[in-house]
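First up is the structure itself, then whatever we jot down about it.
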Amino acid sequence: MTTNKELKQTDEPGGELTPSTTIDQRAVQQLALFTEPNVDGNTLIGYDLRPRFLHTRASKVLKLSEYEDRGDKLFELEDGTVYAIQPAVLDRGKTKVAIFPGTRESLVEEAIVGFGKQGEFNPATGRAGYVYDSSGLKVFFTLYQLYSTMAKSKKQYNYRELYEALRVLKQAGHYTGTQQDFGDGKLRQADGYGSYISDLVFVDHDTPDEESVKVDKFICVYLNREATKLILDGKYKLYDEELSMEMKSPIARYLYKKMIQQMPYNPDNIASAMMVLKQNAIILQSGYQIQDNATKRKNAFINALDELVAAKLILPVSPDDINVIKQGRTVVEVEYTVFAAKTMFDYLKEVYERSLKLENVSEGEIQ
């Protein structure tokens with residue numbers, strides 16, 4: 001695996017960047033599949049479908065005193081599982097603020113995973129990539145590369161905003177539990193919260209190529225334990241990360257990952273590639289917090305479906321495939337039955353074939 005004596009850590013928190021003398025070969029094989037040439041990208045199974053981001057501008061940034069009064073953001077799903085999001089506490093000027101990870105952070109996290117799939121990192125080329133050693137799975141890239149990736153996806157963030165997003169991902173946390181874990185719902189201790197990335201350090205580049213690297217420091221992001229384990233265990237699926245990052249609606253991005261991970265695939269029956277989507281539940285799971293307004297929920301969800309139709313991922317939804325569920329006169333849920341378009345169905349074949357490779361590696365059948 002990659003070893004690099006040219007790398008010099010300039011920040012204390014990540015420990016020395018020393019390689020391991022013994023590396024699990026199955027993990028090496030999984031990483032080889034994770035970074036296959038001509039592969040679009042990867043979505044981590046389960047992890048990417050968890051409520052971890054807030055996709056509304058309102059209440060994403062709070063004064064520290066407001067956060068202390070309100071506490072973390074809680075999501076209770078239909079099965080009783082509770083998810084909590086804890087913000088990062090950062091200085092903005094002379095004011096301390098609590099910043100919840102949102103759309104910006106979700107896109108940066110997606111870009112980081114994308115950088116990791118570019119192969120083993122080599123500072124001589126300046127290309128982004130991963131290093132896997134005794135300290136874990138790390139991803140190296142420059143702020144310029146992150147900026148360029150965002151710009152390519154038509155997401156405009158300046159360097160300051162991207163640096164802040166990285167700090168939010170390092171300090172913010174998320175937690176899964178049951179209602180009992182949270183007592184009266186007030187602010188709790190952070191014990192048990194997992195960060196989005198476990199560390200963030202800067203590494204000198206001794207001989208930067210101004211044209212290819214643009215800066216003389218690399219950013220080194222340590223993926224958290226859960227994300228690292230999912231990757232090394234092959235718990236990820238193929239998906240088009242560029243298509244995802246170009247989507248305007250965070251609900252559409254969430255639905256795309258959900259379809260990749262959960263839509264049935266039968267090579268002999270395109271009609272079997274269908275899903276029943278619960279509007280209110282999915283909006284909640286996606287982190288798009290508009291649960292109090294039925295009209296906004298409906299419009300946001302339909303806009304997301306329209307975006308998936310425009311991307312040729314699903315067929316237009318027929319009125320006959322919409323089921324309104326009521327309790328008395330109150331609408332409590334709206335179900336949409338969606339069918340994969342041919343483009344999506346053909347892509348699911350590639351997802352399926354890639355998944356078979358991953359299973360074979362997990363079972364030790366590939367040497």
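In what follows, every heavy atom counts, from backbone to side chain, and hydrogens, waters and symmetry copies are set aside. All values derive from a computational prediction rather than experimental measurement.
- Although no hydrogens or angles enter the test, the distance criterion places no donor-acceptor pair under 3.5 Å between the side chain of Asp91 and the main chain of Gly93.
- Results of the ring-ring contact (aromatic ring centres under 6.0 Å, His included) test with Phe53 over Phe100, Tyr196, Tyr83 single out Tyr196 as the only residue that passes.
- Defined by atom type and a distance below 3.5 Å, a donor-acceptor pair is missing between the side-chain atoms of Tyr175 and Asp72.
- Counting only heavy atoms from C-beta outward, the side chains of Ile112 and Leu223 approach each other to under 4.5 Å.
- Phe345 has its side chain out of reach of Leu313: every pair of non-hydrogen atoms, C-beta onward, lies at least 4.5 Å apart.
- Shown are Asp69, Val89, Val97, Thr95; of these, the side-chain contact (heavy atoms from CB on, under 4.5 Å) with Leu64 is made only by Val89.
- With hydrogens and angles disregarded, a donor-acceptor distance shorter than 3.5 Å links the side chain of Ser198 to the backbone of Tyr222.
- The number of heavy-atom neighbours closer than 6.0 Å to CD of Gln156, taken from other residues, nucleotides and ligands shown, is above 12.
- A cation-pi arrangement is absent between Arg297 and Tyr288, since the terminal nitrogen or guanidinium carbon is not both under 6.0 Å from the aromatic centre and inside a 45° cone about the axis.
- Between Asp48 and Lys257, none of the side-chain N atoms (NZ, or NE/NH1/NH2) sits under 4.0 Å from a carboxylate O, so this pair counts as no salt bridge.
- Judged purely by atom type and a 3.5 angstrom limit, Arg253 uses its side chain to pair as donor or acceptor with the backbone of Met247.
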> Given the rule in the side-chain contact (heavy atoms from CB on, under 4.5 Å) test, do Asn323 and Val334 qualify, once you have shown the distances and angles that lead to the verdict?
Replying inline: CA-CA 6 Å; Asn323 179 33; Val334 183; over 6 Å; no
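- The residues Glu246 and Lys155 are annotated as not salt-bridged, no charged nitrogen and carboxylate oxygen being separated by less than 4.0 angstrom.
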Inset, instruction - Go through Glu333 and Lys326 one step at a time and tell me if the salt bridge (Lys or Arg N to Asp or Glu O under 4.0 Å) criterion holds. - result: CA-CA 7 Å; Glu333 186 58 276; Lys326 294 183 177 181; over 6 Å; no
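- Side chain of Lys237 to backbone of Thr43: no donor-acceptor contact under 3.5 angstrom is found.
- Ionic pairing of Glu36 and Lys117 is not present here: no N-O contact between side-chain nitrogen and carboxylate oxygen is shorter than 4.0 angstrom.
- Under the 4.5 Å side-chain criterion, counting only non-hydrogen atoms from C-beta, Lys248 is in contact with Glu307.
- Ring centers of Tyr130 and Phe34: at least 6.0 Å apart, outside the cut-off.
- With a 6.0 Å radius and a threshold of 12 heavy atoms from other residues, nucleotides or ligands, Lys229 has its NZ atom at or below the threshold.
- Among Phe141, Tyr144, Phe121, the single residue meeting the ring-ring contact (aromatic ring centres under 6.0 Å, His included) criterion with Phe218 is Phe121.
- Salt bridge Glu164/Arg92: present, at least one basic N to carboxylate O contact under 4.0 Å.
- With Gln118 contributing its side chain and Phe115 its backbone, the two residues share no donor-acceptor pair below 3.5 Å.
- In this structure the side chain of Glu350 never reaches within 4.5 angstrom of the side chain of Arg354, judged on heavy atoms.
- Using the six-membered ring where Trp is involved, Tyr147 and Tyr159 have ring planes that are perpendicular, over 60° apart on the 30 and 60° scheme.
- Judged by distance alone, the side chain of Arg104 and the main-chain N or O of Glu161 form a donor-acceptor pair under 3.5 Å.
- In this structure, a donor-acceptor pair under 3.5 Å is absent between the side chains of Glu242 and Ser153.
- Remark: the backbone N or O of Val317 is not paired with any side-chain donor or acceptor of Asp321 at under 3.5 angstrom.
- Between Glu226 and Lys235 there is no salt bridge, since no side-chain N of the basic residue sits under 4.0 Å from a carboxylate O of the acidic one.
- In this structure, a donor-acceptor pair under 3.5 Å is present between the side chains of Tyr47 and Asn224.
- Between Lys138 and Val221 there is no side-chain heavy-atom pair separated by less than 4.5 Å.
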- request: I would like to know whether Phe301 and Ile251 meet side-chain contact (heavy atoms from CB on, under 4.5 Å); could you show each step before the answer?
  value: CA-CA 7 Å; Phe301 199 79; Ile251 302 174; 4.2 Å; yes
